[in-house]
Amino acid sequence: MEALKTGAYRDSLNELFKTADFTPEERRKFLQMVAFSIDFRSEYTVLHTVTTVSLSVEIGRMLGEPDDELDSLYYGALLHDVGKVSTPIAILEKLGRLTPEEMTVMRRHVEVSDEILADLVSPCIRRIAVRHHEKLDGSGYLRGLTGDHLSTDERIVAIADILSALIRKRSYKDAYDKERVRAILTGMKADGLLCPVLVDLVLNRYDELTAAAAQNLREILSLYTSLRGEYERLLAQVRRREEREALPL
């Protein structure tokens, strides 16, 4: 766990999968735990993660996406900030605006997510997770992709990530009210940053969307609580194996 906190995340994850010999189902659960593990340090971050998941899935449902696509959308949103395992807590919970140097460190979480997920999830889920800061006009990051390179699900998580940040209290801000949120999203649409179809959907069905997402949030928080205990159990299992293997023959 300390290796994850200090940034030695790739070696730690590779070693966990190698030594634990997880079944496919255990591997799936572990991915959920990894997504939440960074949030054990920060209540704001876990609430942002689960809110982004809730909003993403609800937007997908409103668009009539089939269950298999909703499943990919769920995992893409769940893992969208997994790279923040390498972000210092002082930056994650800083009060006030980040300096340019701190913003560079913060933005690196997308690259780290890309590296972590490379061999752990399907390419589709990986793309959904790592493209949430891309903008339709190419001004986003990590790749500076334009709208014609961004799928619907990638666009959904991008707007859900922003909406989550606006409606939730963070270490540096209070939650924004409905009118301020609408003004910000309308402005981003006008500037060509976010998908206009999705912005219109969010604005037209705002109350319904946020109410449904709140219900989903309660369900995912319950999952988070149970997975946190399971995560700690699996880490203890790995440590016991490592200790046994280290004993002299």
Are the side chains of [X] and [Y] in touch, meaning some heavy atoms are under 4.5 Å apart?
X    : Y    : value
L117 : I125 : no
L203 : T186 : yes
D81  : S113 : no
E101 : M106 : no
L79  : Y74  : no
V181 : K178 : no
Y176 : I184 : yes
L209 : L163 : yes

Hydrophobic clustering (ILVMFWY, side-chain heavy atoms < 4.5 Å, transitive) - are [Y] and [X] grouped together?
X    : Y    : answer
V57  : V82  : yes
I167 : V157 : yes
I128 : L142 : no
M188 : I159 : yes
V121 : V53  : yes

**OP:** Just do the salt bridge (charged side-chain N to carboxylate O under 4.0 Å, His left out) check on R131 and E134 with the steps written out, would you?
**Re:** CA-CA 5 Å; R131 294 183 175 183; E134 303 287 358; 5.8 Å; no

Original post:
Taking the six-membered ring for Trp, are H132 and H109 ring centroids under 6.0 Å apart?
Top reply: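 So the answer is yes for these two rings.
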
Is a donor on one side and an acceptor on the other found under 3.5 Å between the side chain of [X] and the backbone of [Y]?
X    : Y    : answer
T210 : D207 : yes
E154 : S151 : yes
N204 : D200 : yes
K189 : L198 : no
S56  : A77  : no
S139 : K135 : no
S86  : G83  : yes
K173 : A165 : yes

Subject >> Residue pair L194, I162: steps toward the side chain to side chain contact (heavy atoms under 4.5 Å, CB included) verdict >> reply: CA-CA 10 Å; L194 295 176; I162 292 169; 3.7 Å; yes

Original post:
Taking only residues two or more places apart in sequence, or in another chain, which ones meet R155 in a side-chain hydrogen bond (donor to acceptor under 3.5 Å, both in side chains)?
Top reply: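 Counting only residues at least two positions away or on another chain, R155 forms no side-chain hydrogen bond (donor to acceptor under 3.5 Å, both in side chains).
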
Subject >> Set of residues satisfying side-chain hydrogen bond (donor to acceptor under 3.5 Å, both in side chains) with respect to K169, sequence neighbours excluded >> reply: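 With sequence neighbours excluded, K169 shows a side-chain hydrogen bond (donor to acceptor under 3.5 Å, both in side chains) to no residue whatsoever.
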
Nearest 0.5 Å, what's the [atom1]-[atom2] distance between [X] and [Y]?
X    : Y    : atom1 : atom2 : answer
D137 : L193 : CG    : CG    : 5.0 Å
D161 : I156 : CG    : CD1   : 13.5 Å
H149 : L136 : NE2   : CG    : 12.5 Å
D114 : R108 : CG    : CZ    : 10.5 Å

**OP:** Name all residues meeting the ring-ring contact (aromatic ring centres under 6.0 Å, His included) criterion together with Y141; count only those two or more places apart in sequence or in a different chain, and write none if there are none.
**Re:**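 For Y141, the residues satisfying ring-ring contact (aromatic ring centres under 6.0 Å, His included) (neighbours in sequence not counted) are H133.
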
Subject >> Test log, rule side chain to side chain contact (heavy atoms under 4.5 Å, CB included), inputs V85 and I116 >> reply: CA-CA 10 Å; V85 298; I116 290 174; 4.0 Å; yes

Original post:
Quick one: salt bridge (charged side-chain N to carboxylate O under 4.0 Å, His left out) partners of K94, sequence neighbours excluded?
Top reply: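 With sequence neighbours excluded, K94 shows a salt bridge (charged side-chain N to carboxylate O under 4.0 Å, His left out) to E102, given in chain and number order.
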
Compile the donor-acceptor pairs under 3.5 Å between side chains in residues 60-72 and protein atoms, sequence neighbours left out, one pair per line.
residue: R61; atom: NH1; partner: E58; partner atom: OE1; Å: 3.4

**OP:** Determine, stepwise, if the pair R127 / D153 fulfils salt bridge (charged side-chain N to carboxylate O under 4.0 Å, His left out).
**Re:** CA-CA 9 Å; R127 288 191 298 270; D153 284 349; over 6 Å; no

Subject >> Pair E242 + R239, salt bridge at N-O below 4.0 Å >> reply: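 Salt bridge between E242 and R239, a charged N being under 4.0 Å from a carboxylate O: no.
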
Subject >> Members besides V197 in its Ile/Leu/Val/Met/Phe/Trp/Tyr cluster (side-chain heavy atoms under 4.5 Å) >> reply: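 Joined to V197, directly or through intermediates: none.
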
Original post:
If every non-hydrogen atom of L185 is compared with every non-hydrogen atom of V199, which pair is closest and at what distance?
Top reply: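 Looking at all heavy atoms of both residues, the closest pair is O-CG1, 3.8 Å.
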
